[in-house]
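Here is the structure we will look at.
Counting starts at 1 for both ligands and their atoms, following the listed order. Only a predicted model underlies this, so the values are computations on that prediction, with no experimental measurement involved.
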Amino acid sequence: MARILLLLGLLVLALFWAFGRRRDGTGQAPGGRDPVAPSSGPQPMVGCAHCGLHLPQAEAVQDGEGRWFCSEDHRARGGRV
Ligand SMILES: [Zn+2]
């Protein structure tokens, strides 16, 4: 009886392995990349020189002196006095 259960277990494992391999070729691989993850990885954060708000560098505005601002308005107002 134990041998039959062992054979059934091996058969189930083989079926899972075969279907898993077939799915790897076409669909999404298990444990693959997260589809909602940003493509560029972690973004550097910068702080606004006027109000101190931290935001991703891609959304920040930079002035001629290399300072970062959260918006065009704060860039026009300049750094913190
Ligand atoms: Zn700001």
Side-chain angles (χ1 to χ4, degrees):
M1 188 61 186
R3 192 177 290 178
I4 294 175
L5 285 176
L6 184 66
L7 282 173
L8 276 175
L10 285 174
L11 184 67
V12 170
L13 278 175
L15 283 173
F16 270 114
W17 180 77
F19 279 112
R21 279 181 63 89
R22 189 184 298 175
R23 204 178 306 154
D24 280 350
T26 57
Q28 53 193 26
R33 292 187 186 88
D34 191 353
V36 285
S39 56
S40 58
Q43 296 187 348
M45 300 289 284
V46 295
C48 176
H50 182 79
C51 67
L53 179 77
H54 281 79
L55 68 163
Q57 187 175 316
E59 301 173 20
V61 185
Q62 195 175 28
D63 70 353
E65 302 174 20
R67 295 178 302 182
W68 292 98
F69 297 90
C70 66
S71 63
E72 193 67 39
D73 180 46
H74 280 186
R75 189 184 69 83
R77 295 187 193 194
R80 213 172 347 203
V81 181

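Take the Zn ion (ligand 1) as the corner point: the lines to SG of C51 and to SG of C70 open at 110°, to the nearest 10 degrees.
Distances from the Zn ion (ligand 1) show that H50 has no N/O/S atom below 2.8 Å.
Here the closest non-hydrogen pair linking H74 and C48 is ND1-SG, 3.7 Å. Between H50 and G79, the shortest heavy-atom contact is ND1-O, 4.1 Å. Considering every non-hydrogen atom in both C70 and C51, the closest pair reads SG-SG, 3.8 Å.
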- Take Q57 and W68 through the test side chain to side chain contact (heavy atoms under 4.5 Å, CB included) and record every step on the way to the result. CA-CA 8 Å; Q57 187 175 316; W68 292 98; 3.5 Å; yes

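When you scan the N, O or S atoms of H74 for the one nearest the Zn ion (ligand 1), you land on ND1.
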